[in-house]
Amino acid sequence: EFGCDSTATLNLVINNSSTSSDDVTACDSYVWNGVTYTESGTYTFVSTNDVGCTNIATLTLIINNSSTSEQAITACDSYDWNGTNYTESGSYIYITSNIDGCDSTATLNLVINNSSTSSDDATSCDSYDWNGITYTESGTYTFETTNSVGCDSTATLNLTINTASSSSL
């Protein structure tokens, strides 16, 4: 039979592709979809979405870097660094955050030299020469200078002067 009407029904489902985007700021590196990124940039990842269509994900990435610094210091007796007083030579590490919010590791290589003191007892008749000064009276005297490692050196002299007494004949 020709010429008869025919009815066709189409049940059409349109599935859509999808897109997504992320803006991320990270320190040193960032892992996205199994890839480690160490530089700032815009990256894309193409996959299949849940309905079998193309999914394009875009990552806008800013990588900020951690920072390190190192300094060598020689000090006398002690050294204050980042709120701590150090009295012994050694290498010390201080970790904080830099301006970008990433780790900042500072290393201090510290040499501590010590001040020195000495004390001498002396007895002399009439006068005593010590460090370029002539003393004629008993007493305790100090002389301050710098020792061989560049720190304070304080010498103390405990001096007794015996004066000659005159006798009449």
Hydrophobic cluster identity match, [X] and [Y], side-chain contacts under 4.5 Å:
{"X": "Leu59", "Y": "Ile62", "answer": "no"}
{"X": "Tyr94", "Y": "Tyr86", "answer": "yes"}
{"X": "Tyr128", "Y": "Ile133", "answer": "yes"}
{"X": "Tyr30", "Y": "Val35", "answer": "yes"}
{"X": "Val51", "Y": "Ile56", "answer": "no"}

> Could you walk me through whether Tyr43 and Leu61 pass the side chain to side chain contact (heavy atoms under 4.5 Å, CB included) check?
Replying inline: CA-CA 8 Å; Tyr43 303 96; Leu61 179 62; 4.0 Å; yes

Let me confirm one number: the [atom1]-[atom2] distance from [X] to [Y], rounded to the nearest 0.5 Å.
{"X": "Trp130", "Y": "Leu159", "atom1": "CH2", "atom2": "CG", "result": "9.5 Å"}
{"X": "Thr96", "Y": "Asn82", "atom1": "OG1", "atom2": "CG", "result": "8.0 Å"}
{"X": "Tyr92", "Y": "Trp81", "atom1": "OH", "atom2": "CH2", "result": "10.0 Å"}
{"X": "Asn114", "Y": "Cys76", "atom1": "CG", "atom2": "SG", "result": "8.5 Å"}
{"X": "Asp152", "Y": "Thr145", "atom1": "CG", "atom2": "OG1", "result": "9.0 Å"}
{"X": "Thr38", "Y": "Asn65", "atom1": "OG1", "atom2": "CG", "result": "8.5 Å"}

Look at the side chain of [X] and the backbone N and O of [Y], then say whether any donor-acceptor pair between them is shorter than 3.5 Å.
{"X": "Ser40", "Y": "Ile63", "result": "yes"}
{"X": "Asn98", "Y": "Asn64", "result": "no"}
{"X": "Asn55", "Y": "Phe45", "result": "no"}
{"X": "Ser89", "Y": "Ile112", "result": "yes"}

> Passes side chain to side chain contact (heavy atoms under 4.5 Å, CB included), Glu144 versus Thr154? Steps please.
Replying inline: CA-CA 5 Å; Glu144 294 188 11; Thr154 302; 3.8 Å; yes

> Are Thr36 and Ser29 linked by a side-chain donor-acceptor pair shorter than 3.5 Å?
Replying inline: no

> Cut-off 3.5 Å, side chains only: do Gln71 and Asn109 have a donor facing an acceptor?
Replying inline: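 Result is no, nothing qualifies.
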
>> The test is side chain to side chain donor-acceptor pair (under 3.5 Å); show your working for Ser78 and Thr87 and say whether it passes.
In response: CA-CA 4 Å; Ser78 67; Thr87 58; over 6 Å; no

> How about Thr58 and Asp22: do any of their side-chain heavy atoms sit closer than 4.5 Å?
Replying inline: no

> Are the side chains of Asp126 and Thr136 in touch, meaning some heavy atoms are under 4.5 Å apart?
Replying inline: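 In short, these two side chains do not touch, never coming nearer than 4.5 Å.
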
> Should the heavy atoms of other residues, nucleotides or ligands under 6.0 Å from CD of Glu70 be counted, would the total exceed 12?
Replying inline: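 Yes, because the 6.0 Å sphere around CD of Glu70 holds more than 12 heavy atoms from other groups.
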
>> Does Asn162, at its CG atom, have more than 12 non-hydrogen atoms belonging to other residues, nucleotides or ligands within less than 6.0 Å?
In response: yes

